[in-house]
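Lettering follows sequence order; numbering is per chain, from 1. Note that this is a predicted model, so its numbers are computed, not measured.
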Amino acid sequence: MNRNKNYTLIAIILLIGVYGYNFWLEKEEDKKVVYEGIKIKGDTNVFFLPSSTTGQVVHHDGYSLSYNEKYEQAEWVAYELKKEHLANRNFKRPYFEIDKTIKTKAAHWKNYKQSGYDKGHLCPAGDRKYSKQAHDETFLTSNISPQLHEFNSGIWNTLEQKVRYWAEKYDGIYVLTGGVLNGELPTIGEEQVGVPNYFYKVLLDYNNGNPKA
DNA sequence: GTCTAGGGCA
DNA sequence: TGCCCTAGAC
């Protein structure tokens with residue numbers, strides 16, 4: 001591996017269980033509202049969705065994201081991981097495609113080629129195995145970020161598997177993932193895709209407030 | 001064996 | 001774009 005680059009990747013893992021907001025926790029139908037809140041376009045930062053600093057929030061069927069044009073990647077990706085989303089089907093790895101829903105144009109995957117970095121999923125393909133459509137959707141360039149292979153297939157991968165375990169255990173959770181995009185970051189490719197130094201995940205369990213860390 | 005990936009080649 | 005092989009971490 002090329003050691004000329006400054007490797008200081010650290011994962012910051014934030015696991016937050018929330019007790020509050022009883023007014024939408026207690027009723028079953030409210031779950032529905034939350035779920036729809038993710039998908040309905042035009043809704044402002046409904047419920048758990050964070051605010052966007054770029055003003056460009058895009059909703060896909062399987063997840064929502066806020067795209068940061070400067071760094072050519074999403075500042076966050078949010079999705080719900082339901083128990084029934086968990087599946088073991090194995091889809092063929094599709095081709096990475098440019099996310100056409102990004103108005104300012106998402107980066108091309110060629111930026112990542114031979115950059116030494118992985119095209120790391122923010123919304124993991126492994127969390128969207130309940131349908132091929134949802135699975136393939138994670139292979140949009142708006143859903144990936146440059147990650148070291150060692151990091152992506154190592155501790156990050158482990159974390160994603162734990163997320164799946166928790167989704168099973170707590171009957172569904174919300175997941176928010178992103179890289180820390182600020183300041184001057186190293187870039188790759190012609191479009192200068194920023195390379196985050198840190199990645200984070202925030203988990204929200206809406207019907208069982210067991211805080212975990 | 002299961003996940004995450006890169007890369008070569010028709 | 002599909003197919004198939006390789007590699008690391010757990």
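- Between A/Y67 and A/E72 the shortest side-chain heavy-atom distance falls below 4.5 Å.
- Annotation: side chain of A/R164 is in contact with side chain of A/P124 (closest heavy-atom distance under 4.5 Å).
- Counting heavy atoms from C-beta outward, A/V58 and A/I102 have side chains that approach closer than 4.5 Å.
- Here the two rings, on A/Y79 and A/H60, have centers that are 6.0 Å apart or farther.
- Contact check for A/P146 versus A/P196: side-chain heavy atoms found under the 4.5 Å cut-off.
- A 4.5 Å side-chain heavy-atom check between A/W156 and A/K201 finds at least one atom pair inside the cut-off.
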Open item on the list: Base contacts versus sugar-phosphate-only contacts with protein, heavy atoms under 4.0 Å: please encode nucleotides 2-10 of chain B as B, S and - from 5' to 3'.
Closed with: -BBBBS---
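- Side chains of A/E97 and A/T141: no donor on one and acceptor on the other come within 3.5 Å.
- If you walk DNA chain C from 5' to 3' and mark each nucleotide with an atom closer than 4.0 Å to a heavy atom of chain A, the marks span C/dT1 to C/dC10.
- Comparing A/T158 and A/W109 by the nucleotide of DNA chain C that holds the closest heavy atom to each, the one mapping nearer the 5' end is A/W109.
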For residues 184-194 of chain A, tabulate all N or O donor-acceptor pairs below 3.5 Å that involve a side-chain atom, not counting sequence neighbours.
| from | atom 1 | to | atom 2 | distance (Å) |
| --- | --- | --- | --- | --- |
| A/E191 | OE2 | A/H108 | N | 2.8 |
| A/E191 | OE2 | A/N111 | ND2 | 2.8 |

